[in-house]
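Following: one structure in structure tokens, then a few remarks.
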Amino acid sequence: MIIGDKIAYINQLWQLVLEHAVGDMDLYNELKRQYTEDEWVKLREKVFDGLPKYTRIEKYYNEEKLYDRLLECVLKSNGLYMLQQYEKVLKDKYPEQLLSKYKTELEAMSRHSADRKHYSDIAAMLRRMKEINGGTKLAIQIIDEWRIKYKNRPAMMDELNKV
């Protein structure tokens, strides 16, 4: 590739990554391949800073194995969607933080009386917690508290028995 062509190619990659194809991880990785490892460590910060505000930055942190930043995104997110999405890569490094997030979200979910499907979803989350180091103990603690607090919810008690 001629030097002028390479520069134009790299410039077009930057434009695609930051403006026209935001979130396309194949293009992001193609841009990354244009630089040495040392160069990229500095340049990826330019990418992160240049991405639009709506960008799901956690995808980039995961791609770059910046797990501390990824964890921060997961903990700040609403609900359990992002936690479940990145649980596999984070659970060995940050079990306490993930369990704390689970507990907070599940307590919020449990406050409102609901249908069996809702309780079944909560029970499924409690089972997922048990797969994280220290999660079994916390899940049992939560269930024990709820057996007292929500004893008048037979469908919930039935679902908790399945955990």
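On a predicted model such as this, the values are computed, not experimentally measured, just so you know. Hydrogens, waters and symmetry mates are skipped; everything else that's a heavy atom, side chains included, is used.
With sequence neighbours excluded, the residues that form a side chain to side chain contact (heavy atoms under 4.5 Å, CB included) with Lys117 are Asp115, Asp121. The side chain to side chain donor-acceptor pair (under 3.5 Å) search around Tyr35 returns Trp14, not counting sequence neighbours. The side chain to side chain contact (heavy atoms under 4.5 Å, CB included) check on Ala155 picks up Arg116, Tyr119, with sequence neighbours excluded. In this structure Ser77 satisfies the side chain to side chain contact (heavy atoms under 4.5 Å, CB included) test together with Met82, Lys101, sequence neighbours excluded. Qualifying salt bridge (charged side-chain N to carboxylate O under 4.0 Å, His left out) partners for Lys59, counting only residues two or more places apart in sequence or in other chains: none. Residues passing the side chain to side chain donor-acceptor pair (under 3.5 Å) test with Lys88: none are found, sequence neighbours excluded. The side chain to side chain donor-acceptor pair (under 3.5 Å) check on Glu45 picks up Arg69, with sequence neighbours excluded. Scored by the side chain to side chain contact (heavy atoms under 4.5 Å, CB included) test, Val22 finds Leu51, Pro52, Tyr54, Thr55, Tyr60 as partners (sequence neighbours excluded). Under the side chain to side chain donor-acceptor pair (under 3.5 Å) criterion, Gln15 pairs with no residue, sequence neighbours left out.
For the ring pair (Phe, Tyr, Trp, His ring centres under 6.0 Å) condition, no pair includes a residue of residues 66-110, sequence neighbours left out. Legend: salt bridge (charged side-chain N to carboxylate O under 4.0 Å, His left out) pairs involving residues 125-152, not counting sequence neighbours, sorted by first then second residue: Glu87-Arg128. The list of salt bridge (charged side-chain N to carboxylate O under 4.0 Å, His left out) pairs with a residue in residues 19-35, not counting sequence neighbours, reads Glu30-Arg33, Lys32-Glu64.
Around CG of Asn78, the count of heavy atoms belonging to other residues, nucleotides or ligands within 6.0 Å does not exceed 12.
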